[in-house]
Structure formats: C-alpha cells, structure tokens
Participant: 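Can you read through this structure? Questions will come right after.
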Amino acid sequence: MQGPASKQATLQPKAKPLIPEKYLDVPSQRLYYLSLGALCQGIKVFEFLWPLNWNDNRLALCRKWIVVDFLLVAVLAMLRIPRLTYSKATIFLFISLIWFLDGLMFGGISLNIGSQSKSSRVSHRGASGAFEIPSAAESFSLLDVFAPLSFGIIQGSHTGRDQHLLGQHTVRMSPISTAHLNPDANNFCIAQHPGYILLPVLLNNTNVAGLKYSISPLNTPTQKTIVDVSAKHLEQNRQEFLKLTSAPSPQTSPDDEDEYDDEDDEEDAKTNPSTLQKSQSLVYIRISHPGVIRLEQVLDGAHTEARLVQPSEVVVVPCPLVSFVDTTEQTDSDAVRCAGQDNNLNLMIDVSGVPPLSLRWLKTINGKREQFLVEGIEGDHRSDSSDEGAGSHAVSAKRLVPQIVKIPLSISLNEPGTHLYALEEVVDGQGNVIRVGTEPAAAEGGTVNKTKTTRSFVVLRQPLVSFKNCNPQHPRPLLLGSETELEISTMETDKFDAPWEITLRYQPPQEPLDGSKVDSKLKPWKKVLKTQGNKGDTLIRASTPGEYRIVGIKGKHCVGQVLAPDTCSSVINDFLSSGDTGVSASLILHGTPPFQVHYKMQRDSEPPQERSQTFANSRGELTLRPDKSGHYAFTFVAMSDANYRKVELKGPSIEQTVHPLASADFADSVPNRKTASSCAGDTVDFDIDLRGTGPWDVEFQIIGPKSSDNFRVTGITTPRKRVQIPIPKDLQKNGGMFEVALISAEDSYCKRPVSVPGIIVNVKRTWPIAQFYGKPEQRCITITEGEQANLPLRLTGDGPWRLRYRLKNDEEKILRATLHSPNDNLKVTEKGTYEIIGIDDILCPGSIVADAATYQVDWIPRPSAKLSPSTVAQYDSYNGSYVLPPICEGVSDHVDLDLTGRPPFQIMYNIAQDSEAGGTKLVGQPTFNSIQPHTRFQLQTSTSGRMYYEVKQIGDAAYPLTKHKTAIIPRSERLLFEQQVMKRPSVQFKNRNRMTYCQNDALTPLDPSSNDGILLFEGTPPFTLTLTVKDVAASHPESQTIEVHDHIWKLSLPSYQFKSIGPYLVIIESVTDASNCAQSALDPMFSSIWIDVAETAAIIPFERREDICVGDVAQFQLEGIPPWTVGYAINKKVYSQEVKTSPFSLLQSQPGELAITSIAHQQKMCKASVADLKFTVHSLPSAQVGHGKRIIQDIHEGDQAEILFTLIGEPPFTFTYQRSELSPKKGGKAGKVLETHTVSRVMTHEYSIFSALEGTWTVTSISDRYCRYPPPQTELDEKAH
C-alpha cells in the first residue's frame, strides 16, 4: 500500500524546472539566478549612490530599473527552480514592492509628510515687522532619509534647493569635431596605373565611425551618387597609403630633381603624419573613377556629425597624357636627313587631359639644349561660344571634360648633326603635373632613338667633290709612254654616309688646227668610282690625253655637290727642240721651262771650255762678251728642261766677233719677266719704244709651243708704236702660251740686233663662265626676313671675279660682288629673283649660262594674329582698335585669336590702363605661348578701368623672339583691342560702433548727427542692398532688400521692429549696382554691425496695496539698464527719484494712494508710462530650468544649446536668469556670475533661449501677474538674518 505522502505526491506532482537537470542541475540553477539578481541589485545601489545621477537622469533610471526588476521576477517564475518557486499572488506582491522601492530611490514617488525645509523655515519680515511662515508642505523622498546618515556624501532631494526656482542647465564646449577633405588643396588625377587614388581626409577630435561622399560625373556635376565608407574600409585605405609611401620610388634620383620640383617640398605639410597634432588623424577615400568628389557626412563613434570644412569637394580628373604620334611609320632611314634638303618637318603630338593644357618640351642639337613651354592647349574654342548662353554650370562642366588634342610641332633639320626632341612635362587645367620621363641620351654616332616621348634625327652634311691640283688653266702633263695621276678630293663628308660613289666622264681631245691627228682608238666613257672606307681622296691613273669631268657624287644617304674645278685635262708634252738665232746668239727653246743650255767656247787655237746657261723663258739671249779680242767659236752640246735632263744637241757652231747691239724695248718694260693675255681674236697688241732716227724697221720673233716665226714691221715713224702680233695658229683655237721677242731694230743709218726680255702671251680660249648651281627646281631658297642667304655659284677662269647681278623687280639698279673662289656664294638678304648679268675674271670678260642665271629668294612670312570671327567686338576706325564688350571686375574673360605661322607661337603684348592723371600707364608686358593656330587669349580683369591690349611682337618656330628681339610690329599694323572692366559694387559700414535700441523700437536712426550705422557704397548707383537682421538670442534672421540712390546711406528699416531684448547682428548679404556686376568680396571687419536691444524701461511692483503678497513694503522690480528714473505720485503728489539698483522700495509712510507714473533707463531712454497697479495675494510663482533637473550638455563650437525655462503661475511672467562660470569640479557649486538678464511679458508657461556660450544657466527670480519670488527683503529682514 502507498502511504499518505505517496498519495499526495501522486495527486499533486511537482513542476519540473524549465531547464532539465541533465543540462544544468538545480543547485547550479539557483546559484546562477541568485548571482544574477545580486549583480543587478548591486548595480542599482551603485547608480542610486552615484552623485552624478541624483538630479540629471533619475526618472530615466527609475523607468529602467522598473523594467529590469519586472523581467527578473518574471524570468524567475518561468524557470520554476525548486525552492524559488512562488505563487502568482506572491510574485505580484514582489513586483509591487520592488517597484515602490524603485520609485522612492530614483524620485519616481515623493512623499509629502508636512516637514519644512531649511529654506521654507527662513522668516521674511515685512513692512509691519510680522514674520511670514509658508503654509505649504514640501515633498519627501528616500534620499532625505539617507542624507543625514551619509556625513554629506549623499545629499537630500531638497537640501539647499529652492522649490520655486528649480533646475539648472550647464553648457560645456566640446572640442571642435571637423573633417577636411584634401586639407593641402592638392590636385589629383587618376593614372592608368594603378588606376585609383587615395584622397586624404583630415579629422580633428573625431573618432570616425564612417563617412559618406558623393561622386558626380565631370560632364554632369548635378548628378550625384552617394557612397558609404565604413571605418573598416577607411582603416584598410590608411594601411594601403602607409604601404605605398613607405616603399622607395625606383624612379627618384638626385639627377631627376630640377627647378620644377621646388614646390613639391611643401605640399605634404598637413598630410604628413609626423606633423599632425594629437587631436588630428588622417583617413583616406579610395577613388577609381574621375568626377567631382564631395564629402557629405562624417560620423564619429557617438554618431555625431563632424563639421565639414569648406570647400568640401575635390575635382578628380584623368591624368594628362602626351606622346608623339606617327602619321607614317618612321624607320631609321626616315630619321636620317641630308642638309640642304627640305627639312621642315611637322611632328604630331597627342595631348589628352582637362583643358587648358600646358606642355614642356626640349630640343637638343649637337648637345646644345633648349627648353620650351607652350600653354593654352585645348580643342576647338568655337564650339564653346555657342554654349556660353546655356549657363555657367554647363560651361564649367564642359571645361572639366577631358579632351584629346593633336597638335603639330614644326621643326627644322637644317643644321648638320644630331637632333633630339623630347617631351618633358604636361600640366592640365586642374594643375596636375605629369613628368613623362627624363631626357634620354642624345643619339651619338648616327644612332636613332624613338620612344613615345622622344624623336631623334641625324642630319648629314652634303658631300662635296672636285679635282685637286688640276684645272682648265693648268692641265696635268702626260709624258709619252707613261701615266699621270688625277686626284679627286671629297670634302665635308660624314662617315655615316660612307662609302661614296663618284660619277666620272671622259672625253678624248679634239683635233688641233695644225692638222695633226688624234688617236682614233680613244673613245668617250663614263664610270662610277667607289671610295674606300672613309677615305676622302681618290686617285685615278690616266694614260691617255683628254678631258676628265666629275658628273656627280652620291653617298649612302645623301646626294652631294660638284665643286669647281670639275674638269681636268691631261696633255702630252713634246720632246725638246732648238733653233738658231743667227749671229746674235739668241736661242729659241722648246719644252717646259726652266731651260739649261750646255755649250763649249773656244778662242782662236786655245782648248775649248764647257759652260752652261739657265733660261727661264722659251727664248734666251746668250750674250758673248769675251774679255779679250779674238775669234770665238761656240758649240751647243746639250739641253735640259723641267722634264728631261741633258738631251744631246746637234746644233751649229757659231763663230762671231762680238759687236754692240742697237737698243729697242717694249713699252713700260721692267727688268723682270713680262706677261700679257689675249682673250679673243687672231692678234695681240703691244706698244714698243724706239730710239734712233726714223723711220724704223723692227723685226720680231714669235716662239710657239711647236714652231717659231719671224715677223717684221716697217715704216714706223713715231718713237712709240702699237703693233699687232699674230697668234700662232695652233693656239688660236685651244689657247696656250707663246713668247714675243724683239730681234732687231733698223733706223735710217744702221741695223742693230736687240737683246731685251720678251713678253709671254697667255692666249685664253676658255672664257670665264658664271652660273648658279643646281637644277632649276633647286635654285630657290626660303629664308627668314633679314637673314643672309648664300646662293651657290660655279665660276671658271682665274680669280678674283667681278660679278654683276640685279633683282628682276629693280632692273635699273646693277649690283656688284667680288668673288675669290670658283665655288663662292653670292650673299644676299632681300627677297626676289636674282639674275646674273655679267662676269669678269682677272684677265677676260666672261659669259653667263642663260639657263642657270636666276635664283629665287623667298621670305618665310612673319607670324601674324587677328581676332577670331567668333569673338564679339566692334571695330573703331578712329584708333584702329577692337572694342570688346564690357566685363565685370574679376570675371574671367578671353578673346580667341587666329594665328598664322609655324607653331609654337610666342606673343608679346602690352597691357595698359587709364591712369588717374588722364593718360595711360603700362601695366605689364607679358609673353604668351601657344602651340595651336587657334588659341584663347586670357584678358586681365582683376582691376577695374579701361584696359588696352597691344600685340607688340609675334614669334613662331621660324621667327623666335629670342633671336628676333628687335623685330617689332609697326604701330600701324599692330592688333589692338580694349575693354572696359567695370568695378564691382561694394558696401561697408563706416565704423563698427555698437548701436543701442529699446525693445519694440523700429530700426530707424535715433540721432541724425551720429556716424553710427552709416553705409558707404562704391559703384554705379542705384544700388540694391540686401541686409539680414539676426536676433542672436532667438536665432531668427530676417532679410530685407533696399534700393539706395546715393553712395552714403544711413541704416533705416522702418518695417523692422525689435521684438525681444538681447544682441542683434546686422549683416550685409549682397549689393548690386546699375552695372549688374556681382559684388566684390566684403570686408569681414566692416560687413556687419552689432545692435544691443534693451528691454523697455518698466517697473513691476512686488506688492499691491489691494493684493499684497509679503509685508507692508511696496517694492518694485525695475527692468532695464541702470540707472533708472522713476516717477511716482503719493496722494497725488508727484515725485521723481533716480535709482541705481533694483529692486526699488517705497515705504508707505502715510495713508493715501501710491501710483507709479513713469520709468526710464539708460540716461532717461526707453521711458515708459505706468498705469495704476492693484494687487491681490496669490501663491508665489515658480520657475524651472530644464524641468527642474541638472542638465549638462556638450556642444561644439558654432552650435547652439536651447535653455528651456518652465514658468509656473499666472501669466504674464517676468523672470530673471543668470549665466555663471562652470565649476572646476564635477558636482561643485557654480562659479562667478557672467551675465544677468530679465525677461518680461511672457505669456506662455515655457520660454526658450539659444546660446553658443559656455556656462550654467539658473533662474534667480520670477514674477507672475500678482506676486514675485523671492520676496524682497527690507532692512529689518537683513538685520534679522
């Protein structure tokens, strides 16, 4: 059987715990729950005893612990833990009890037990001397029970507190939390590699939890995409930035630094982590797409927004790029040029980026380096003018869109050597600087470099060729049966052009006039000779007589020029021959002088003596003057000349008795050898002088290369006679040299032989020829104006030459030049067609090659500039100037110029402005660079006035300004344009003196003679002025627009009324004038003025005789700024009293009627009339700050805190509040009072003020319709205390 207990258990089974014991046993469950409960209650006691929670957050704590304790008991019931399981009634009782304790601990429940606080027990003595005891009981809380037992550690809820004036609001200034996007104002662009950038954001006093930024496309900045970045991603970006900056750059070297890098040293001043302040930190935003980046929001750990420092946007564009573009495939042979050819070349450059772009490039010619800068590179400007009417946003958006511009770079490759062109740096319109590479090594030894940013060329000199030591006047002698060497010399050659091919043509000799025959086996031929290696001279061995002519020369790359002498003849010399002279012992010698004659002389029967005589000419006189008389025999045995030695002679023997010879000589004879020349005809003329008695007969001997003839002239009747000597027939066609000698002269009495030196006659049948060198299409040259042109000539004959030439357009003027080389140049500077009209060498007049007698010289046109048709301007024919539309000061403006010439261009211009003296003054003389023929010229609008622009000089690739500094455009041909820059309107206050008004006054001038509140205008009236009057206390701005017709205006806004007291700020917002120009920057020191508005002087009685509140003393609260002037009447007798402090008390000394008639303050300003006052007794009014709590609020600089006053009583209210210094210790007493204000006529039960100042706000007094608290104390009350 089962016992009773077993039955009871069967009937009432135990409820099992919610958590099975197999997971957690019951004792452990009890331990864990009780531990949790003890922990919660311990936290509750801590928050109850913590001083900071006594008055600030007690109601919130009460609500929190009511919820926590309810959950704690409810969870206990659900767990069904043995020994901790209770009935529902018990649980309800637990919840009620614990909620009651929570209410007592944290102020949710107060008990009114009839006890009085210290402040309520203080007696107030009235005018009658009676003591007033408050009749209202005060509330009581649990803190009041523990407060006496805590030795001051815990304060009671009413200890030291006035129930009528509860609460305080403390405002503390927190450090400024700011976020500054791109603090260094750097420029950013996205390169192709790595394809993104990290934008810095400088944070101050901000523990960032995340940020938001927007990105707008460059072409449509109004479209925005918001991007959220978490703190995790910001930290990743920061680590990536540190990794990038810590890695050394492989491209950086000391040699790469130059003058362009000077500004880079100071860019990272703010973003350098080592220079950040303790409160600052840096985060980075990763941007991979171009656009306008705007920082929208930054949140700290408390989800408080940081203030964004303006400007908070950055324009990120693609990085500018620049490279050379090949219009045709460039090979090594294309990069090798020859001097003298058409070497003007255009290199195409591809530039991309946000316009306007600037490009730096360099040119190196044979190691001489020059740097250049071109600016204002952008696409076609003509399309911009059509879009200007679409609005500034559309234009600015278009300016941010990257462009790809192809620009030509004109280069000249005339100077032999190595030419290198390298692109250095490109800068876009946003200021992004991209160095595209350092200067590569210049090409050496004919090598050619070609990269994306470099182009190099090798310019070779044209080879020159001519015969050496041989010309038509001095042919090469050729001995019979032997060979002679013809030397061909090459000059000004380049080893890179080797080897050279020389074309040589041979022509056999023509048949002479003497009938001799030419070898028929000799035929004309043409050969091409190739030089060996880099040797400059070539030898040809000639074994046949004839004419050898150089036709041309060609190197590996270049075709050269043939210089004179270009022909060389080889001539066979005959053997020596001799002839007798008869008894005069004159010798005719044939051969090449000098001659040496060997002969034997024998006198009578003596042994013969061998002697020799040297002769310099073909005829020699052997004068036999023996010392002794006798019969002499002379025998010629041998003869030598320049080619042969001691050729045996079989000449006759001469026997002679020597007699004195008659004298006769050539006119103007000298002891030395005489020469003459013959350029044309069959005879040559000579003048002879004769002595004796006429008539005379003179005999000459003509000695030619192969024969000698005698020629006799008879019947000469004058002492001087000109005779004509025939030229030997074998010299009449081909020319040569022969000698004319006098043999004898016979007068009327005797005939005597003549022994005087003969005259050598040079017979020239090759006359000098002059011509310009080159083919007809090559005989033209283009030079710059003023440059000297060298026109190549080819001359034959004997120098020096006298050349006569003329310009075809000025044929009457004959020009002359003396030339000294057969390959000389005619130096000219004027343009036109030059024509050779005559040539003379030292001996003969010459002829001109008609087909090569002209040479064309042209000038490269000077660059010019004119206004583009798209530029709006009106031409003024009076001064030849273009008048541009007027523009406002500081507004960007430009004109479009069309340039002609060879880019890049340099434009030097004068900028002048009207001066105060009545004339004009020169403002500047800048130089503008452009590489485009259609460029944009920025105008100067920073200063107002009439601006004049005068293009003084224009340079281009052909006329660079560095080399043509004196080439100034004549004034009559200069491009002139002018523009009126209208001054922007501006306004400012004359002084910053604070102005004073009374409440409810209108903003109109109080004192017409005062200078306060006067505004000074600059510009063209009428002016439209926008002012903002801001009530600082209420943070309520109001704007008004006024039209002003003068330059001086006194602040007057009759429609504006000061509705509240406190400081007001009048701010100048904007001003426009008749020019419709935007205002100039306002001076922050004189763009605003402060106005202090005081409450209207008022007197409020604390007590009314009908309804007295406290005592018998009639006390009044004075409102306004002391001193006050109070007018009152006692028993209809009028009194006036000046009061310096408030409150103001009137002791009723006699029965009667008390009436306040008027009150004024601020030296009798803001005077107000006061009507009769009647009072009844009512409860004292109360005021609470922050609903009676101690509120501590932290704000950032620039923010405002709202201080809320709760007014309890019957309106209207008048209360006084004050701001005190913060207590240096938490929970301590407030510091020194900083300011006190009284507010009256408040009709609502709540009143708010806004303040950006730091301090603690409390209420010191309040009055409602009937009473005032605290009541005023009389002298008896003060003595009682």
Side-chain angles (χ1 to χ4, degrees), residues 577-590 593 595 597 599 601 613 615-626 629 631-636 651-676 678 682-729 731 737-761:
S577 63
S578 63
D580 57 356
T581 61
V583 295
S584 61
S586 296
L587 303 179
I588 296 92
L589 307 175
H590 301 279
F595 302 96
V597 178
Y599 64 94
M601 182 183 70
Q613 180 75 33
F615 301 92
N617 301 316
S618 296
R619 182 181 183 280
E621 292 292 337
L622 184 61
T623 303
L624 302 175
R625 292 178 181 177
S629 61
H631 180 77
Y632 289 87
F634 299 91
T635 304
F636 297 94
S653 298
I654 300 174
E655 295 181 1
Q656 181 184 17
T657 300
V658 177
H659 298 280
L661 299 177
S663 81
D665 202 353
F666 293 100
D668 302 325
S669 62
V670 293
N672 298 326
R673 173 183 175 183
K674 294 184 291 184
T675 60
S678 174
D682 297 336
T683 61
V684 60
D685 297 341
F686 293 104
D687 289 337
I688 59 174
D689 291 332
L690 302 174
R691 290 181 296 276
T693 302
W696 291 273
D697 296 334
V698 180
E699 186 177 5
F700 297 89
Q701 188 170 28
I702 303 172
I703 305 171
K706 298 181 179 179
S707 63
S708 61
D709 298 318
N710 291 341
F711 178 74
R712 185 178 182 82
V713 180
T714 60
I716 301 174
T717 59
T718 59
R720 173 167 286 194
K721 175 68 176 178
R722 173 165 290 186
V723 296
Q724 293 183 340
I725 305 298
I727 298 175
K729 291 184 178 181
L731 298 181
M737 298 178 66
F738 72 96
E739 187 174 350
V740 178
L742 280 169
I743 298 177
S744 64
E746 182 179 358
D747 59 1
S748 299
Y749 299 101
C750 65
K751 179 181 179 181
R752 299 195 313 179
V754 177
S755 180
V756 295
I759 296 179
I760 297 176
V761 180

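Note that this is a predicted model, so its numbers are computed, not measured.
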Participant: Heavy atoms, side chains only, cut-off 4.5 Å: are Ile727 and Val761 in contact?
Facilitator: no
Participant: Please report the closest heavy-atom contact between Val597 and Phe636, naming both atoms and the distance.
Facilitator: CG1-CD2, 3.5 Å
Participant: Calculate, to the nearest 0.5 Å, the distance between atoms CE and CG belonging to Met737 and Asn617 respectively.
Facilitator: 9.0 Å
Participant: For the residue pair Asp665 and Asp689, establish whether any side-chain heavy-atom pair is separated by less than 4.5 Å.
Facilitator: no
Participant: In Å, rounded to the nearest 0.5 Å, how long is the span from CH2 of Trp696 to OG1 of Thr714?
Facilitator: 14.0 Å
Participant: Just by modelled atom types, is the Gln701 backbone N or O under 3.5 Å from a matching donor or acceptor in the Asp709 side chain?
Facilitator: no
Participant: Looking at side-chain heavy atoms only, is the closest gap between Phe711 and Val723 below 4.5 Å?
Facilitator: no
Participant: Output the distance between atom CD1 (Ile702) and atom CD1 (Ile743), rounded to the nearest 0.5 Å.
Facilitator: 9.5 Å
Participant: Roughly how far, to the nearest 0.5 Å, is the CZ atom of Phe686 from the CZ atom of Arg722?
Facilitator: 10.5 Å
Participant: Distance check, rounded to the nearest 0.5 Å: Glu739 atom CD versus Ile703 atom CD1?
Facilitator: 5.0 Å
Participant: In Å and rounded to the nearest 0.5 Å, what is the CD1 to NZ distance from Ile716 to Lys721?
Facilitator: 7.0 Å
Participant: Nearest heavy-atom pair of Pro593 and Ala616: which atoms, and what distance?
Facilitator: CB-O, 3.3 Å
Participant: Within the 4.5 Å heavy-atom criterion, are Phe700 and Ile688 side-chain neighbours or not?
Facilitator: yes
